[in-house]
Amino acid sequence: MHVVYSLGDRIFRRIVTAGAVTSLLVLALIGLFLFARGVEIFRDMGTKFVTGTNWTAGSEDGVLPAEFSIGPMLAGTIVTSLIALFFAVPLSIAGALYIEFFAPSKIKSTLVSMLDLAAAIPSLFFGLWGVQVFSSMGERWAALTSNYLGWFPLFKNELDIFGRSPFIAGLVLAAMIVPIITSVSREVYSRTPRELVDSCYALGGTRWGAIRAVVLPYGRSGVVGGAMLGLGRALGETVAVYLLLNLVFKYNFNILESEGGNIASLIATKFGEATPYELKALLAAGFVLFLLTLTVNMAATAVVQRTAKAQS
Amino acid sequence: MSTTSDLAIHVVDATPTQPWHKPRVEQRRDALVYLALAVVAYAIVMVSGVAGPDGFALVFFIEVLLLTIFRSRGIGKAKSTNAIVSTVIGAGAVVAFAPWMSIFFSLITKGFQGLYFGFLVRDMRVTTPDDELNMGGIGHAIIGSMLMVLIATIITLPLGILSGVYLTEVRGRLTRVVRFVIQSMSGVPSIVAGLFIYTTVISVTGSFSGFAGALALSVLMLPTVARTAEEVLKLVPEDLRAASYALGARQWRSSLMVVLPTVRSGLTTAAILGVARVVGETAPLILTALSNNAFKFNPFDGPIASMPMYVFGMLQIGTEYSLNRAWSGSLVLMLIVLALFVTARRLGGKDKR
């Protein structure tokens, strides 16, 4: 069908398109600018930027060369986020199932709106809460884990100091992303065709039977999408990790030891007193983080949009 | 039933039963059982090495689980699995909801101490973070946050609405790309948005400013506004557009004068949700607006305070009074987010009617 637009329409469509394209451009510009500013570092450091172990601005006279590598921080980003996902996903599924299928109908709508509000809690509050309220509890759990499972390398801790570790930061990140994953999962579960669930009951199935046979398979890809959205947030979190993790620049896979960091908290920490060259390195680090989260988010978006389309 | 006459008809009062509801007696018995279990759990926590509210919760959960397993003997495998899994899911949900319940609770209990009227209208010009709690306040931070959020809204709202209109009305060639990019953009880490504005604005102008902070917030706000705008525009019935075309309206007139006005409150909701999304952002402001201690009304004039940066700063100082201030500032910020949410919900309800 060929539509002929009037002059007014053409102008209108131009303006609206320009507005939408500006939104596109913002994203492109973020990537472009960070890359343009950081490219010098990529050229100087090569692959060592991702695989190396040092972050030193070097001495001013150039005797000690500057060396920038985000390797340990990249590892820290992934470690804390995986810990967060490990705890958040099962809890979120339980939370979503509870709200959708178990909660008394009286409190269901209250829970849903509280969940919305919880998803809007600024991450700063999770940091504040983590430092002031949660850490003492988390440290006790960490000490217990190390007592009984310390023989396993992942839980090794030789210093007996348990605060500000990737484990605790990961747990707080988990608390932070639970509302997002829960609300995405709940929405997917709520779209399960009613008649399928009812026919399970009609065949004499129990509630759990219906959930296992119909709801969980039906919502699986939606939950995966929600988990990836949560992962994207955990990967890019700055303040909570900054407040809850000792920034020590080395690879640390003993999650109970109090050292680690992530890229975002590295940027926030080093930003204030960075030399011009180091600043470029931070921008390059920002670019890597941008790519990482963008990839995760695009995948999540693709998954969520595909399931939404398949289900509607 | 009398036995005097064999002819007497046995009359049975038919009281309605609701087999799917537990009878009152059983409910009361359950409540008692749970209370008893709680007491036992408390005793175990007191006596043994298990400690704290988490220890109590764990012991209580194990007790309830054992009780469920015990009760579900001999009712068939499917039913007993159902009972056990239900208990586990309930416990999982409690753990999932516990952190933010705890955050709300701590905000209220800890934030309440430092709260007094002056807290909302005074600044920190002559007050140090260690001063008594009846001095100083976050007035300057509230003003700073308002300025930045206002500028961000002015920048974002038109762009967000245009994107929404593009996705629902114009539906050009880029529709899928725009929708996909906007969705992905909502995942851009806030610190990256700050870095972006730092490289493009601050390294050019040479000074931190509230305006730069507002630009960074705009980047984060845009996806929320655009998505919400698209959602509300989608709710406009196709008949309305068809009717306006039938009356001879061109697309631009029907969009501007029929479609957009019908979703006015929905678009306000979009703006409010955008504001709620960014008002608590800290990371981008560390790189763009920083903070200060006195009232400032000019967003172009150097560093400017904001509520999240106030809390962040107080938290880092870490003394008793400064921590109190951090909690009080957080409480005020959370109440603002809450108010925004309630308003958005009210408005959102309006359009549907």
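Each chain gets a letter, A, B and so on, in the order the sequences are listed, and its residues count up from 1.
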**Contact origin within A:I99 toward chain B - heavy atom pairs under 4.5 Å** = side chain
**Contact check, side chains of B:L256 and B:E169, non-hydrogen atoms, under 4.5 Å** = no
**Request:** Taking atom CZ of B:F105 as the centre, report whether more than 12 heavy atoms of other residues, nucleotides or ligands fall under 6.0 Å from it.
**Result:** no
**Message:** So for A:F290, is it side chain, backbone, both, or neither that comes closer than 4.5 Å to the heavy atoms of chain B?
**Reply:** both
**Toward chain A, the part of B:S203 with a non-hydrogen atom under 4.5 Å** = side chain
**Contact origin within A:L282 toward chain B - heavy atom pairs under 4.5 Å** = backbone
**Request:** Using non-hydrogen atoms and a 4.5 Å limit, figure out which bit of B:L315 sits close to chain A: side chain, backbone, both or neither.
**Result:** side chain
**Asked** Non-hydrogen atoms of chain B under 4.5 Å away: do they reach the side chain of A:I263, the backbone, both or neither?
**Response** neither
**Asked** For A:S113 and A:D116, does a side-chain donor sit closer than 3.5 Å to a side-chain acceptor?
**Response** no
**Item:** Contacts of B:S190 that satisfy side chain to side chain donor-acceptor pair (under 3.5 Å) - sequence neighbours left out
**Value:** B:E281
**Asked** Which answer fits B:V85, side chain, backbone, both or neither, if we ask what part of it has an atom under 4.5 Å from a heavy atom of chain A?
**Response** side chain
**Prompt:** Can you say whether B:L340 sits under 4.5 Å from chain A via the side chain, the backbone, both, or neither, judging by heavy atoms?
**Reply:** neither
**Asked** Which bit of A:L34 is near chain B, if near means a heavy-atom gap under 4.5 Å: side chain, backbone, both or neither?
**Response** side chain
**Request:** Answer yes or no: is there a side-chain heavy-atom contact under 4.5 Å between B:K79 and B:I75?
**Result:** yes
**Asked** At a heavy-atom separation under 4.5 Å, does B:L338 approach chain A through its side chain, its backbone, both, or neither?
**Response** both
**Prompt:** Quick one: what part of B:R277 sits under 4.5 Å from any heavy atom of chain A, side chain, backbone, both or neither?
**Reply:** neither
**Item:** Distance, nearest 0.5 Å, that separates CG of B:L215 from CD1 of B:I155
**Value:** 4.5 Å
**Fill in**
Honestly, the part of B:F208 sitting under 4.5 Å from a heavy atom of chain A is side chain
**Asked** Are A:R207 and A:Y201 in a cation-pi setup, meaning NZ or CZ lies under 6.0 angstrom from the ring centre and within 45 degrees of the ring axis?
**Response** no
**Prompt:** Listed by residue number, which members of residues 222-231 of chain B have a heavy atom under 4.5 Å from any heavy atom of chain A?
**Reply:** B:L222
**Message:** Tell me if a side-chain donor or acceptor on B:N82 pairs with a main-chain N or O of A:W208 at a distance below 3.5 Å.
**Reply:** yes
**Message:** For B:I197, which atoms come within 4.5 Å of any heavy atom of chain A: side chain, backbone, both, or neither?
**Reply:** neither
**Fill in**
Turns out that what part of B:L174 lies under 4.5 Å from chain A's heavy atoms comes down to side chain
**Request:** Please confirm whether the backbone N or O of A:E237 pairs with a side-chain atom of A:N262, one donor and one acceptor, at under 3.5 Å?
**Result:** yes
**Message:** Which atoms of A:M114 are under 4.5 Å from chain B, going by heavy atoms: the side chain, the backbone, both sets, or neither?
**Reply:** both
**Prompt:** If you round to the nearest 0.5 Å, how far is OG1 of A:T301 from CD1 of B:I182?
**Reply:** 11.5 Å
**Request:** Spell out, as yes or no, whether a donor-acceptor pair under 3.5 Å connects the side chain of B:S102 to the backbone of B:A98.
**Result:** no
**Item:** Region of B:T199 that comes under 4.5 Å of a non-hydrogen atom in chain A
**Value:** both
**Asked** Does any heavy atom of chain B fall under 4.5 Å from the side chain of A:F287, the backbone, both, or neither of them?
**Response** neither
**Asked** Of all of B:G280, B:S330, B:A283, B:G92, which one pairs up most often with chain A through heavy atoms under 4.5 Å apart?
**Response** B:S330
**Prompt:** For the residue pair A:F134 and A:W141, does the interplanar ring angle fall in the parallel (under 30°), tilted (30 to 60°) or perpendicular (over 60°) class?
**Reply:** perpendicular
**Request:** Go through the side-chain N and O atoms of A:T238 and A:S265 and say whether any donor and acceptor fall under 3.5 Å apart.
**Result:** no
**Message:** Between A:F12 and A:Y5 (judged by ring centroids, cut-off 6.0 Å), do the two rings come close enough to count as a pair?
**Reply:** no
**Prompt:** Among B:V178, B:T81, B:T156, which residue forms the greatest number of heavy-atom pairs with chain A at distances under 4.5 Å?
**Reply:** B:V178
**Asked** Given a strict heavy-atom distance threshold of 4.5 Å, which part of A:V296 is in contact with chain B: side chain, backbone, both, or neither?
**Response** neither
**Request:** First locate atom CG of A:L235, then atom OG1 of A:T293, and finally report the distance between them rounded to the nearest 0.5 Å.
**Result:** 7.0 Å
**Prompt:** Where on A:A302 is there a heavy atom nearer than 4.5 Å to chain B: the side chain, the backbone, both, or neither?
**Reply:** both
**Prompt:** Heavy-atom distance under 4.5 Å to chain B: side chain of A:R140, backbone, both or neither?
**Reply:** side chain
**Item:** Distance-minimising heavy-atom pair for A:A96 and A:S185
**Value:** CB-CB, 3.8 Å
